[in-house]
Structure formats: structure tokens, C-alpha cells
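All values below come from the heavy atoms of this structure, side chains included, with hydrogens, waters and symmetry mates left out. Atoms within each ligand, like the ligands themselves, are counted from 1 in listed order.
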Amino acid sequence: MRDCIFCRIVAGEIPSDEVYEDECYYAFRDINPKAPVHILVITKEHIGGVAEMEGHEELLGGLVTTGVKLAEELGITDAGYRMVINQGADGGQSVPHVHLHVLGGRPLSWPPG
Ligand code: 5GP
Ligand code: ZN
């Protein structure tokens with residue numbers, strides 16, 4: 001999608017600190033990290049949010065397992081980590097292209113703000 005910032009990152013039009021790429025997914029470091037490790041895993045296909053993934057269950061499952069694999073590679077599994085998908089305004093979603101946050105490297109409090 002032309003005016004979507006994450007589609008433009010996938011296309012290489014906006015630079016990003018790449019962590020992983022395959023046929024379906026792209027992962028990169030968040031520009032405003034909330035933890036020592038904070039990456040975003042996104043679908044290459046433009047999907048507006050997790051609420052629009054009905055019918056894309058396999059892609060959604062792969063998004064999560066890709067996050068797990070990257071957490072292992074980034075060395076945050078021993079202490080534990082958090083995965084987050086924000087949906088909509090009250091959910092804190094600021095970019096309307098589905099993305100999985102993977103955060104780790106420090107203790108994370110609960111509940112979130
Ligand atoms: P959301 O608030 O939608 O759940 O998460 C969007 C995330 O994307 C935020 O954590 C924000 O810091 C990150 N972000 C927004 N624009 C860019 C960008 O151009 N590059 C990178 N690497 N991250 C971005
Ligand atoms: Zn997009």
C-alpha cells in the first residue's frame with residue numbers, strides 16, 4: 001500500500017534495521033525501543049491489523065512463531081520476553097499494518113499503561 005509506512009519499509013523505500021526476512025515476514029528494530037530488545041515482526045502483505053486476519057490464520061500463526069524464533073536468536077528467552085499486538089486506537093495501534101512487538105532484555109511490568 002503506497003502510503004503505509006510499514007509497506008514502504010518492506011519495499012526498502014524507508015530504511016530500517018533489519019533482523020529477519022523471508023517470503024512472508026519482515027522483522028526490524030523499533031525506532032523508539034521500549035526495552036533493550038524491541039523488534040517488530042510484520043507481514044509483507046498489507047493487512048490493517050489483527051482484527052482483519054480472519055481467513056489468514058496460518059499467516060497469523062507464522063507471525064507469532066517467527067517472533068518466538070527471533071526471541072531465541074536474540075538471546076532473550078532465558079529471562080523471558082513479551083509479545084504484543086496493539087489493535088485500534090484504544091489498543092495503542094499507531095501504524096495500521098499488522099505488527100507483532102517482541103520485547104525483552106529487562107523485567108516488564110504488568111498491567112501495561
Ligand atoms: P503500534 O503503536 O502501532 O503498536 O506500534 C508501532 C511501532 O512502530 C512503534 O513502536 C513505533 O516506534 C514504530 N515505528 C513507527 N515508525 C517507524 C519507523 O519508521 N521505523 C521503525 N523502525 N519503527 C517505527
Ligand atoms: Zn502496509
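Proximity of V41 to H99: side-chain heavy atoms (C-beta onward) are nowhere separated by under 4.5 Å. Residues V102 and Y81 meet the side-chain proximity criterion, which asks for heavy atoms closer than 4.5 Å.
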Discussion item. Let's go through E23 and K44 carefully: what are the C-alpha distance in whole Å and the side-chain angles of both, what is the deciding distance for side-chain contact (heavy atoms from CB on, under 4.5 Å) to 0.1 Å, and is it a yes or a no?
Written reply: CA-CA 8 Å; E23 198 185 325; K44 286 189 167 177; 5.9 Å; no

Discussion item. Between T43 and Y26, is the side-chain hydrogen bond (donor to acceptor under 3.5 Å, both in side chains) condition met? List the steps.
Written reply: CA-CA 6 Å; T43 56; Y26 186 74; over 6 Å; no

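The residues lining ligand 1, counting any heavy atom closer than 4.0 Å, are I5, F6, I9, F28, R29, D30, I31, N32, L40, N86, G92, Q93, S94, V95, H99, H101.
More than 12 heavy-atom neighbours from other residues, nucleotides or ligands sit within 6.0 angstrom of CG on D22. Enclosure of atom CD in E54 is not indicated, since only 12 or fewer non-hydrogen atoms of other residues, nucleotides or ligands lie within 6.0 angstrom.
A salt bridge does not link R29 with E18: none of the charged nitrogens is closer than 4.0 Å to a carboxylate oxygen.
Within a radius of less than 2.8 Å around the Zn ion (ligand 2), the protein N, O or S atoms are C4 SG, C7 SG, H46 ND1, H97 ND1.
Residues passing the side chain to side chain donor-acceptor pair (under 3.5 Å) test with H97 are H46, sequence neighbours excluded.
Each salt bridge (Lys or Arg N to Asp or Glu O under 4.0 Å) pair with one or both residues in residues 56-78, not counting sequence neighbours, would appear here, but there are none.
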